[in-house]
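In what follows, a structure is listed as structure tokens, so that the remarks can point back to it.
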Amino acid sequence: MIARIVACVALVSASTAALAADMSTGTGSSLNWSGFYAGAQIGYDVGGRAEYTYFQIPGSDYNYNHGLRGFLGGIYAGYNHQFDNGVVLGVEADAWFGDVHGSSHAPGDDEFRAKTKIDRAISARARLGFAVDRLMPYVAGGVTSAHMKFNEHLNASHYASAKKSLIGWNVGAGVEYALTDNVSLRGEYRYTRFSKKDFMTDITDEYSLKSYTHDIRLGVSYRF
């Protein structure tokens with residue numbers, strides 16, 4: 001899975017860089033992307049996953065496994081430095097709130113159902129882009145911290161719950177276009193893989209969670 005994701009990101013970045021190279025006259029960008037910027041973004045998780053392993057019983061009927069979907073929105077800010085050859089290096093931080101969620105019945109007991117919700121996250125990333133006048137394809141990667149809620153129900157009534165922080169890494173690729181010398185639009189794909197999280201619910205049931213998200217995001221920013 002990870003190898004395929006890295007390959008997809010590499011393909012996207014290579015394709016956009018090739019397009020940029022075709023468009024370039026060889027003299028570099030007339031628009032300089034250097035400087036601080038801040039913006040807002042919206043997005044949708046198109047294919048995340050949450051996989052739970054129940055510790056108390058090996059091979060348990062309560063090993064929940066479900067997809068994650070949902071909208072998100074937030075802000076981002078960063079700094080770019082453009083070199084004479086058109087290469088752009090930058091750092092960026094972002095925060096979002098939303099409702100990325102999913103649920104599933106216990107595979108061996110339909111009376112039990114679990115729900116996962118990721119309602120906010122923050123990330124710090126490095127970016128590498130190539131500027132061709134007002135167009136800049138880029139790749140990015142860094143670390144992410146997210147807040148997760150786990151709720152388990154028995155016949156639609158509350159049974160157990162937990163709230164935990166998830167830590168992981170992210171990688172992605174996108175294209176940014178400057179509408180004016182200061183205002184830019186961008187589209188981005190981002191994959192986030194969270195480290196395995198062992199946790200205990202409020203009734204002392206113990207689970208291990210593996211999770212990831214696939215986001216498509218649109219953003220608009222102002223460069224100062």
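Shown here are the side chain to side chain contact (heavy atoms under 4.5 Å, CB included) partners of Ser34, two or more places apart in sequence or in another chain: Asn32, His81, Gln82. Scanning for side chain to side chain contact (heavy atoms under 4.5 Å, CB included) contacts around Ala114 gives Tyr64, Phe150, with sequence neighbours left out.
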Verdict with reasoning, Asp45 to Arg190, per salt bridge (charged side-chain N to carboxylate O under 4.0 Å, His left out): CA-CA 9 Å; Asp45 183 351; Arg190 187 185 305 189; over 6 Å; no

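Paired with Phe36 under the rule ring pair (Phe, Tyr, Trp, His ring centres under 6.0 Å), one option of Tyr79, Tyr222, Tyr76 passes, and it is Tyr79. For the side-chain contact (heavy atoms from CB on, under 4.5 Å) criterion with Asp119, the lone passing option out of His101, Met148, Lys149 is Lys149.
Side-chain contact between Arg69 and Tyr44 is present, with at least one heavy-atom pair separated by less than 4.5 Å. For the pair Arg217/Asp94, a side-chain contact is recorded, criterion being any heavy-atom separation below 4.5 Å from C-beta on. Side-chain contact between Leu166 and Ser211 is present, with at least one heavy-atom pair separated by less than 4.5 Å. Under the 4.5 Å side-chain criterion, counting only non-hydrogen atoms from C-beta, Leu209 is not in contact with Phe194.
Between Tyr159 and Phe112, the ring-plane angle classifies as perpendicular under the 30° and 60° cut-offs.
Met136 and Leu31 end up in the same hydrophobic cluster when Ile, Leu, Val, Met, Phe, Trp and Tyr side chains are linked at under 4.5 Å.
Less than 6.0 angstrom separates the ring centroid of Tyr191 from the ring centroid of Trp169.
Between Arg127 and Glu188 no salt bridge is recorded (no basic side-chain N to carboxylate O distance below 4.0 Å). Residues Arg223 and Glu176 are not paired through a salt bridge, judged by the lack of any N-O separation under 4.0 Å between the basic side chain and the carboxylate.
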